[in-house]
Amino acid sequence: MLGHRNLFSLLAVIALVGLVHAEDRVQSELKFVAHNKAEKTAGVWVDGQYVGFVKELTGDKKIVLLPGKHDVLVRQAWYKDYAEQVILEPGKTSLINISLVRDQHPNTSAATGELKISATPTRAAVFVDNQFAGHVDEFDGAGKAMLLTPGRHSVRVALPGYLPFETVVEVRAHQKVKLQTDLVKGSITEAGTLVNQPDK
């Protein structure tokens, strides 16, 4: 026969399990449908907070939110921002069908310098001259590099929960430059405004 203390502990565990299941039913999941490489590698902001790039937001990185209205922004270099406000229902999964449209941009034939970025975590966002350029994994490895025009460029690598890495690179025509860094864990509030509230 269970003593009062053991009975209380058992009831507490049952109540906790019930609470977890209730929370699962209350929360909503947000999924994305992407149709091409540009959409799959686009950066995603939810309610002004960078959460990662489209194709990685599954499994343990899936987006689970409280029900209600949420603002979603999908950004990719050389494309217009895709913005949508979603209303999430308790315990349901909502799909966002991404449709990125190419933006007009200047002739890139002058961009002859190459920048490679090796950093951890590889899912961190990369900003060049205050513009979202992609995530680290897109600019590291064989055949992967960012083309830049000759001159000085500010580079920022940032991810919520880590201190941002910032530097300025001087790129010459036909030169290959490589940056390497490991982001240091920090408060989510220290990621910086460029990650939290992207410039339009």
Side-chain angles (χ1 to χ4, degrees), residues 20-106 108 117 119 121-140 144 146-147 154-162 164 166 183 186-200:
V20 169
H21 287 305
E23 187 177 297
D24 286 346
R25 288 195 299 272
V26 167
Q27 291 184 323
S28 309
E29 186 178 349
L30 189 60
K31 286 187 173 180
F32 297 87
V33 178
H35 308 91
N36 53 46
K37 184 179 177 183
E39 293 173 359
K40 289 176 183 176
T41 58
V44 178
W45 280 257
V46 176
D47 298 330
Q49 181 69 55
Y50 177 72
V51 294
F53 54 96
V54 172
K55 70 179 180 181
E56 72 165 345
L57 298 175
T58 59
D60 63 344
K61 291 188 180 71
K62 70 181 181 181
I63 299 178
V64 178
L65 301 166
L66 289 174
K69 287 183 181 179
H70 295 278
D71 294 314
V72 178
L73 181 67
V74 180
R75 306 184 82 201
Q76 179 63 282
W78 313 124
Y79 287 81
K80 293 180 180 178
D81 291 352
Y82 178 83
E84 185 174 327
Q85 187 178 77
V86 294
I87 299 176
L88 301 181
E89 300 290 341
K92 294 187 178 178
T93 298
S94 294
L95 290 178
I96 288 188
N97 194 8
I98 301 169
S99 180
L100 292 180
V101 177
R102 276 202 169 272
D103 199 1
Q104 292 182 347
H105 57 85
T108 56
I117 301 173
T122 58
R123 61 191 295 260
V126 177
F127 301 85
V128 176
D129 300 330
N130 293 334
Q131 296 295 315
F132 176 69
H135 52 86
V136 169
D137 197 45
E138 293 179 81
F139 309 116
D140 187 27
K144 294 181 180 179
M146 183 189 311
L147 293 176
S154 64
V155 179
R156 180 181 175 94
V157 181
L159 184 68
Y162 293 82
E166 295 178 90
L183 297 186
S187 166
I188 197 165
T189 61
E190 296 174 301
T193 55
L194 207 56
V195 178
N196 298 335
Q197 296 293 339
D199 297 333
K200 292 282 182 177

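Heads up: numbering here begins at 1 and tracks the sequence. Both backbone and side-chain heavy atoms feed into the values below; hydrogens, waters and symmetry mates do not.
Interatomic distance, CD of Gln76 versus NE2 of His135, reported as 7.5 Å (0.5 Å rounding). Rounding to the nearest 0.5 Å places CG of Asp81 at 8.0 Å from CH2 of Trp45. Separation of atoms CH2 (Trp78) and CG (Leu100) is listed at 15.0 Å; rounding is to 0.5 Å. The line from CD of Gln131 to OG of Ser154 is 9.5 Å long, rounded to the nearest 0.5 Å. With rounding to the nearest 0.5 Å, the separation of CD1 in Ile63 from OG1 in Thr58 is 10.5 Å. The line from CZ of Arg123 to CG of Leu159 is 5.0 Å long, rounded to the nearest 0.5 Å.
The closest side-chain heavy-atom distance from Ile117 to Val155 is below 4.5 Å. In this structure, Glu84 and Ile98 have side chains that are not in contact, with every pair of non-hydrogen atoms separated by 4.5 Å or more. When side chains are defined from C-beta on, Lys61 does not count as touching Val51, because their heavy atoms never get closer than 4.5 Å. Under the 4.5 Å side-chain criterion, counting only non-hydrogen atoms from C-beta, His70 is not in contact with Leu30. The side-chain heavy atoms of Arg102 and Tyr79, taken from C-beta on, include a pair separated by under 4.5 Å. For the pair Val126/Met146, a side-chain contact is recorded, criterion being any heavy-atom separation below 4.5 Å from C-beta on. Considering only heavy atoms from C-beta on, Val136 stays 4.5 Å or farther from Pro121 through its side chain.
When all heavy atoms of Glu39 and Ser99 are compared, the closest pair comes out as OE2-CA, 3.6 Å. The two residues Ala125 and Phe132 come nearest to each other via the heavy atoms CB-CE1, 3.9 Å. Contact record, Ala158 with Pro164: CB-CB, 4.0 Å, taken as the closest heavy-atom pair.
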TODO: For side-chain contact (heavy atoms from CB on, under 4.5 Å), just list the numbers for Asp137 and Lys144, CA-CA rounded to whole Å, side-chain angles, deciding distance to a tenth of an Å, and then say yes or no.
DONE: CA-CA 9 Å; Asp137 197 45; Lys144 294 181 180 179; 4.1 Å; yes
- [ ] Step by step, work out the side-chain contact (heavy atoms from CB on, under 4.5 Å) result for Val44 and Leu57.
- [x] CA-CA 9 Å; Val44 178; Leu57 298 175; 3.9 Å; yes
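Around atom NZ of Lys31, no more than 12 heavy atoms belonging to other residues, nucleotides or ligands sit under 6.0 Å away.
Under the side-chain hydrogen bond (donor to acceptor under 3.5 Å, both in side chains) criterion, Glu29 pairs with no residue, sequence neighbours left out.
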